[in-house]
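Just so you know, ligand 1 is whichever comes first in the structure, and atom 1 is the first atom listed for that ligand.
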Amino acid sequence: MNIALLGYGKMGKVIEKIAVERGHKIVLKTTRDTSEINLSNVDVAIDFSIPSAAVNNISTCFNQNTPVISGTTGWLGSYDKMVELCQSKKGAFIYSSNFSLGVNIFFELNKQLAKMMANLNQYNVSMEEIHHTQKLDAPSGTAITLAEGIIENTSKTAWQLDRTEKNTEIPIVAKRIEGVPGTHTVNFSSEIDSIEIKHTAHNRNGFALGAVIAAEWIKGKTGVYNMKDVLGL
Ligand SMILES: NC(=O)C1=CN([C@@H]2O[C@H](COP(=O)(O)OP(=O)(O)OC[C@H]3O[C@@H](n4cnc5c(N)ncnc54)[C@H](OP(=O)(O)O)[C@@H]3O)[C@@H](O)[C@H]2O)C=CC1
Ligand SMILES: O=C(O)C1=N[C@H](C(=O)O)C[C@H](O)C1
């Protein structure tokens, strides 16, 4: 496949390596200095850029009839608008806050645990995410997806960064430590004991491999999908 990398930073570079190993060709790389995106010889575009660039990158793909995989976080206020545009242009789109197989299994485990804890009022739920110091958004997209999984399955109604005002909110602590690719913990704690589930990324390979697998999967399809569809979870 001919792949465009919209964003060629830490993730773009790992995706390039894995995509080439899997027999694909990178025909376009964009950075903050790119003024025009021409996708005429591109089969699938993969966007790992910055929150303020994601909507323009994704819209450009729909407008040029190119399927797009987006892993950029911090722009989700515009997700519904992008879904509408995709549908109106009969495009193809996958967004995931986290493309790794391990985290997508963790998302399902988190929902199962939340279901089991739903009526156990003696436990308080809290979350922590740790990332490298260059990360622009907080909490991480992955932490937001985890919080949404808990909200769907318990009486919690919202998440809050670094504080909680109400018992119905899930507190998320975001820590920034040099070199950490991404660590997420969900904790249910009572006076008697704690139950904790944790995912630790050892490097960026899992995120990148998942994005390339999603790009291979979406070629030739139309519609809006997620990583559960891709991985058959
Ligand atoms: N869903 C997932 O599985 C994962 C998601 N992420 C997310 O992916 C995104 C990228 O992460 P990462 O690679 O670490 O970030 P980097 O900061 O290393 O890279 C961002 C890239 O985007 C480029 N960029 C900036 N502005 C634009 C623009 N207008 N158009 C196109 N590209 C632009 C930067 O350009 P320049 O080189 O000129 O600075 C850089 O190449 C983040 O939102 C992060 O949260 C990260 C890991 C996994
Ligand atoms: O910025 C990162 O690095 C990461 N971002 C994603 C997120 O916000 O959840 C995924 C991963 O944790 C790495």
Side-chain angles (χ1 to χ4, degrees), residues 3-19 26 28-39 42 45-61 68-79 93-107 110 127-149 159 161 172-186 198-215 225-228 230-231:
I3 294 178
L5 296 177
L6 308 182
Y8 188 60
K10 291 182 284 303
M11 279 302 298
K13 293 183 175 84
V14 185
I15 291 170
E16 176 179 43
K17 183 173 176 291
I18 289 178
I26 306 302
L28 177 69
K29 300 169 194 173
T30 71
T31 64
R32 74 183 73 198
D33 300 326
T34 307
S35 53
E36 209 179 309
I37 301 174
N38 180 345
L39 300 170
V42 169
I46 303 181
D47 161 66
F48 278 76
S49 56
I50 58 167
S52 59
V55 168
N56 181 54
N57 284 345
I58 296 164
S59 314
T60 301
C61 294
V68 57
I69 306 300
S70 177
T72 307
T73 53
W75 62 274
L76 271 207
S78 301
Y79 178 76
F93 180 37
I94 297 177
Y95 162 77
S96 180
S97 61
N98 200 305
F99 278 92
S100 82
L101 172 63
V103 162
N104 280 275
I105 292 168
F106 190 65
F107 284 154
N110 172 59
M127 293 174 47
E128 181 187 84
E129 58 99 335
I130 311 175
H131 284 86
H132 54 94
T133 51
Q134 294 89 46
K135 185 156 179 63
L136 296 178
D137 52 322
S140 66
T142 306
I144 294 172
T145 306
L146 288 165
E148 285 167 350
W159 55 263
L161 184 60
I172 305 178
V173 171
K175 294 185 178 163
R176 297 292 172 257
I177 299 174
E178 199 53 49
V180 175
T183 301
H184 293 88
T185 308
V186 178
K198 180 174 180 179
H199 178 275
T200 307
H202 298 313
N203 50 53
R204 293 184 172 82
N205 293 347
F207 313 139
L209 176 60
V212 175
I213 288 172
Y225 302 95
N226 57 40
M227 275 310 271
K228 241 182 123 170
V230 175
L231 297 170

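- Proximity to His132 (heavy-atom distance under 4.0 Å) selects the following atoms of ligand 2: 1 (O), 2 (C), 3 (O).
- Heavy-atom distances between Gly71 and ligand 2 stay at or above 4.0 Å for every pair.
- For Gly74, the heavy-atom gap to ligand 1 stays at 4.0 angstrom or more.
- Counting atoms of ligand 2 from 1 in the listed order, those under 4.0 Å from a heavy atom of Ser97 are 6 (C), 7 (C), 9 (O), 10 (C).
- Nearest protein heavy-atom contact of atom 7 (C) of ligand 1 is Gly71 O, 3.3 Å.
- Counting atoms of ligand 2 from 1 in the listed order, those under 4.0 Å from a heavy atom of Ser140 are 7 (C), 8 (O), 9 (O).
- Atom 38 (O) of ligand 1 has its nearest heavy-atom neighbour, among Arg32, Lys10, Met11, in Arg32.
- Close contacts of ligand 2 with Thr142, meaning ligand atoms under 4.0 Å from a residue heavy atom, involve 7 (C), 9 (O), 10 (C), 12 (O).
- Put simply, the side chain of Asn104 gets close to the backbone of Asn98: a donor and an acceptor are under 3.5 Å apart.
- Closest to atom 20 (C) of ligand 1 by heavy atom, among Ala201, Gly210, Ser49, is Ser49.
- Looking only at protein heavy atoms, the nearest one to atom 19 (O) of ligand 1 is Gly9 CA, 3.3 Å.
- Shortest contact from atom 2 (C) of ligand 1 to any protein heavy atom: Ser97 O, 3.4 Å.
- Each of the atoms 10 (C), 11 (C), 12 (O) of ligand 2 lies under 4.0 Å from some heavy atom of Asn98.
- The His184 neighbourhood of ligand 2 comprises atoms 12 (O), with distances under 4.0 Å to a heavy atom of that residue.
- Under the 4.0 angstrom criterion for non-hydrogen atoms, His132 is not in contact with ligand 1.
- Counting atoms of ligand 2 from 1 in the listed order, those under 4.0 Å from a heavy atom of Gly141 are 7 (C), 8 (O), 9 (O).
- Heavy atoms of Thr30 come nearer than 4.0 angstrom to ligand 1 in at least one pair.
- Residue-ligand proximity: Thr72 is placed with a non-hydrogen atom under 4.0 Å from ligand 1.
- Of all heavy-atom pairs spanning Thr72 and Ser49, the tightest one is OG1-N, 2.8 Å.
- Using a 30° and 60° split on the angle between ring planes, His199 and Phe106 fall in the tilted class, from 30° to 60°.
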